[in-house]
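What follows is a set of notes on a single structure, which appears directly below.
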Protein chains: 2
Amino acid sequence: MPTSKQPPRRGPARGTAARQASLREHNLSLVLGHVLDADAPVSRADLAAATGLTRATVSALVDLLVESRVLAEGEPVQTGTAGRPAVPLTPARGTLAGLGLEVNVDYLGVRAVDLAGDVLADVVVPGDHHASDPAVVLADLAARAADVAHDLEARGVDVVGASLALPGLVDPSADRLRVAPNLGWADVDLSALREVAPFDRLGLTVTNEANLAAVAEWRARRRALPSFLYVSGEVGIGGALVHEHAVFGGVRGWSGELGHTTVEPDGPLCACGAHGCLEAYAGKDALMIAAGLDRLGPLVDLCARADEGDAPALAALARGGWALGVALASFVNLTDVAHIVLGGIYGPLEPYLRAHVAAELEARVLTAPREDLVVEPSLAGAEAAMTGGAVEVLRGLAADPSSRLPA
Amino acid sequence: MPTSKQPPRRGPARGTAARQASLREHNLSLVLGHVLDADAPVSRADLAAATGLTRATVSALVDLLVESRVLAEGEPVQTGTAGRPAVPLTPARGTLAGLGLEVNVDYLGVRAVDLAGDVLADVVVPGDHHASDPAVVLADLAARAADVAHDLEARGVDVVGASLALPGLVDPSADRLRVAPNLGWADVDLSALREVAPFDRLGLTVTNEANLAAVAEWRARRRALPSFLYVSGEVGIGGALVHEHAVFGGVRGWSGELGHTTVEPDGPLCACGAHGCLEAYAGKDALMIAAGLDRLGPLVDLCARADEGDAPALAALARGGWALGVALASFVNLTDVAHIVLGGIYGPLEPYLRAHVAAELEARVLTAPREDLVVEPSLAGAEAAMTGGAVEVLRGLAADPSSRLPA
DNA sequence: CGAGATTTGTATTGTGGATGAACTTATCGC
DNA sequence: GCGATAAGTTCATCCACAATACAAATCTCG
């Protein structure tokens with residue numbers, strides 16, 4: 001999880017001493033998790049059966065969660081069966097919200113999501129941030145975030161945290177953005193941002209855009225897909241592996257540079273200085289240029305050309321799809337992931353890429369003859385990373401609801 | 001961890017209800033972990049300071065662990081400082097042992113290791129298991145394991161479990177070996193093996209050889225390297241990523257087929273049916289044949305030729321090292337791992353491969369200009385997977401020492 | 001329509017494990 | 001030998017969950 005950071009320890013026996021209060025924390029999180037994951041409202045009795053706790057214990061925990069506005073009680077409904085009707089419990093609406101922020105090449109924005117999944121605020125500001133000044137852009141973003149937080153709090157919503165998505169390599173330990181090629185940013189110190197309102201109150205975590213988009217995808221699939229690879233196609237190509245409902249964040253906290261998987265060692269020169277990287281075949285710039293279009297033009301131009309049967313466009317997509325398939329096949333052999341979600345520009349392009357990707361996967365994945373490998377376009381919607389950031393904040397809350405309990 | 005298997009759940013709130021006994025389990029494991037990780041014997045007071053538990057609680061926990069022969073108390077030593085001398089606590093020697101088993105192409109064996117790291121029994125039987133009959137080989141292995149377990153128990157050693165390493169894709173959910181190309185095994189049902197002595201008593205987990213070798217490497221480095229990539233070079237090439245002291249086991253429990261990373265999409269045909277896989281450049285067979293040697297010959301032949309300056313041998317190693325570097329660069333870009341350990345045949349070959357690997361990493365790894373990336377030969381010793389299997393059994397014990405408490 | 005059955009949720013008492021303070025044990029320094 | 005110091009133990013207390021009993025709300029059936 002991008003949010004959790006433990007101090008480094010020498011051995012495998014991580015963690016800290018467990019005391020009585022730890023039981024509370026664990027069981028609060030357990031109960032809350034069951035309510036959040038459920039498709040329909042559940043009762044205290046349901047929770048007791050599902051968790052193995054007694055009804056008395058569940059009641060005590062639920063009362064705490066209701067009091068702290070995390071859960072809401074509905075009106076009892078007659079189900080037609082014998083017995084006292086159950087009180088339905090649901091995630092509270094409009095009480096607590098996570099803030100998801102994003103700076104990307106062509107927009108910035110702020111989105112607030114509550115525990116029920118409702119979007120309480122949504123600000124998306126188009127703009128060209130190519131070669132922009134980080135200080136200016138981030139100050140603009142902070143001001144808009146402060147406005148949103150202020151409005152929400154006036155409406156009685158507690159904002160519990162904020163998460164910023166950036167299209168680049170983030171180093172959480174050094175608290176800086178290492179490099180975001182498409183913004184033209186490098187070595188941006190992020191610690192100063194945490195001193196600025198509203199982040200001085202809310203806190204702020206900064207994460208790679210693909211990782212947070214993957215969280216949004218996970219939620220969009222109703223938390224039902226435990227493991228998948230999210231591929232974020234933009235100018236660069238990011239990947240985020242979700243494994244057992246957790247984003248695998250790379251060894252040092254940043255990762256997923258799928259775009260710099262080598263496809264052909266002596267292939268075209270990539271912006272990174274190496275030859276034959278996936279990005280040089282299947283990044284947005286590479287596709288647009290190969291199709292004879294403006295590098296900065298809208299993606300729909302490429303789709304339109306392809307629909308017309310334009311030969312250069314089709315060739316660009318075939319080559320991009322082929323390269324993507326080669327890179328994904330290696331990735332699948334390494335991780336055995338069985339589900340691949342194509343996001344970013346690959347969402348709309350999926351119909352054009354599909355066959356080319358599938359052919360390489362079929363030829364190169366070891367388990368292809370025996371196992372199903374699903375490749376699908378993303379369901380996470382527009383500005384997925386903004387949604388994912390907000391969801392990630394709420395996931396942090398769900399992992400430790402005791403932090404929100406009234407004193 | 002290969003040993004732990006939870007039932008699949010829908011959401012992120014994994015785990016089960018925490019009750020009072022959970023505190024004991026957690027804190028027992030915490031205390032034990034500190035003793036196992038320590039470089040020197042520690043006292044109860046040290047443990048209290050390190051864990052945050054009170055001395056009273058630590059004492060109670062340690063007494064349980066001593067009683068169940070997991071920890072041993074030494075004689076108090078005068079340290080020269082004031083105060084009552086501390087009782088040094090160490091992992092018990094010769095009381096509990098894990099059994100590590102392995103079937104590989106040219107040998108099979110059984111190794112027993114205790115909590116102190118001593119090898120209590122070691123049986124390695126050379127033999128050619130190319131195209132062998134799984135039933136015959138596994139029956140042979142079981143008989144030798146039973147002998148070892150019997151001898152140990154006659155010496156008062158409790159054997160707490162067994163772990164089998166196989167050079168292939170293991171599917172723990174279906175309880176079968178899917179395929180082990182170099183043994184010529186495919187779709188071997190492993191559940192029957194669990195009914196045979198001694199595994200009917202000891203239990204048995206089956207894991208990919210590279211994953212267990214990585215565990216051995218982790219221990220050989222004194223548990224001090226939390227994250228690294230272990231590369232197992234044999235006829236095939238496996239990889240195991242250790243992340244925060246845990247083996248990343250792949251999404252479905254098997255993984256790490258580094259050997260089938262595509263190096264050149266139109267490269268030489270690989271045994272898997274695809275073209276240009278790493279294995280076709282840098283697998284043992286590929287190297288030997290390219291050097292003009294017998295595919296099945298000993299590795300020292302290749303080293304000898306290289307030492308003589310034999311041109312085909314040097315060319316084979318250059319090409320293999322180049323391909324390995326290309327594949328590892330993609331892997332590093334995906335995971336940001338900062339430490340690569342070369343095991344199997346790459347241990348002895350490391351001096352010959354080093355420069356070629358490093359050149360490609362330097363050219364292709366995004367963070368190469370800024371970050372140190374260490375590539376080293378393995379320290380885990382011969383038959384690393386056998387050691388790793390035994391260690392893994394003991395790690396399972398350390399994670400839940402309450403299971404060994406006397407009733 | 002009323003008595004029993006059934007299920008939900010609450011109140012009460014008991015238990016296990018950690019805490020914290022006081023106590024005992026063993027050594028050092030003077 | 002005596003105080004200081006540190007390790008380890010004893011014991012009363014607290015806290016969270018378990019178990020049991022009970023109250024509340026609905027259905028079923030005579």
Side-chain angles (χ1 to χ4, degrees), chain A residues 15-31 34-35 40-67 71-89 401-402 405 407, chain B residues 15-31 34-35 40-67 71 73-90 401-402 405 407:
Chain A
T16 177
R19 49 210 71 227
Q20 331 292 79
S22 314
L23 293 182
R24 259 286 143 99
E25 289 169 24
H26 178 103
N27 288 333
L28 273 173
S29 175
L30 181 68
V31 165
H34 269 92
V35 177
V42 293
S43 68
R44 290 167 171 81
D46 293 337
L47 291 171
T51 59
L53 296 164
T54 62
R55 296 204 306 278
T57 302
V58 168
S59 261
L61 296 170
V62 165
D63 289 350
L64 285 174
L65 292 171
V66 169
E67 197 187 346
L71 292 184
E73 291 184 307
E75 283 303 304
V77 289
Q78 24 292 56
T79 56
T81 63
R84 173 175 168 175
V87 177
L89 300 169
S402 57
L405 292 184
Chain B
T16 176
R19 49 210 72 228
Q20 327 292 79
S22 314
L23 293 182
R24 260 286 143 100
E25 290 167 26
H26 177 103
N27 287 333
L28 274 173
S29 175
L30 181 67
V31 165
H34 269 92
V35 177
V42 293
S43 68
R44 290 168 171 80
D46 293 337
L47 291 171
T51 60
L53 296 164
T54 62
R55 295 205 307 277
T57 304
V58 169
S59 262
L61 296 170
V62 165
D63 289 350
L64 285 174
L65 292 170
V66 169
E67 199 186 348
L71 292 184
E73 291 183 309
E75 283 304 304
V77 289
Q78 11 307 50
T79 55
T81 63
R84 174 176 171 174
V87 177
L89 299 169
T90 52
S402 57
L405 293 183

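In what follows, every chain begins at residue 1, and chains take the letters A, B, ... in the order their sequences are listed.
- Residues Pro41(B) and Pro88(B) approach most closely at CB-CB, 3.6 Å, considering heavy atoms.
- Put simply, the side chain of Asn27(A) gets close to the backbone of Ala18(B): a donor and an acceptor are under 3.5 Å apart.
- Think of the region where chain B sits on DNA chain D: with heavy atoms and a 4.0 Å cut, that region ends 5' and 3' at dT5(D) to dA18(D).
- Between Thr16(B) and Thr51(A), the closest heavy-atom pair is OG1-O, 4.2 Å.
- Using a 4.5 Å heavy-atom threshold, the side chains of Asp63(A) and Arg44(A) count as touching.
- Looking at every heavy atom in both residues, Glu25(A) comes nearest to Ser402(A) through CG-OG, 3.2 Å.
- Within the 4.5 Å cutoff, the side chain of Leu23(A) has no heavy atoms near those of the Arg19(B) side chain.
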Where along nucleotides 18-30 of chain C does protein come under 4.0 Å, by heavy atom, of base (B) or sugar-phosphate alone (S), with - for untouched nucleotides? SBB----BBBSS-
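- Residue Val87(B) is in sugar-phosphate contact alone, with no base atom involved, counting any heavy-atom pair closer than 4.0 Å across all strands shown.
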Determine, step by step, whether Val35(B) and Leu71(B) satisfy the side-chain contact (heavy atoms from CB on, under 4.5 Å) criterion, reporting the C-alpha distance in whole Å, the side-chain angles of both residues, the deciding distance to 0.1 Å, and the verdict. CA-CA 8 Å; Val35(B) 177; Leu71(B) 292 184; 3.6 Å; yes
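- Side-chain N or O atoms of Ser59(B) include none that pairs as donor or acceptor with a backbone N or O of Ala56(B) at under 3.5 Å.
- The CG atom of Leu47(A) sits 13 Å away from the C1' atom of dT8(C) (whole-angstrom rounding).
- Consecutive Watson-Crick or G-U pairs involving DNA chain C, each under 3.5 Å on both distances, make up stems of three or more pairs at C:1-30 with D:1-30.
- Closest heavy-atom contact between Val58(B) and Leu47(B): CG1-CB, 3.8 Å.
- Here the side chain of His34(A) pairs no donor or acceptor atom with the backbone of Asp46(A) at under 3.5 angstrom.
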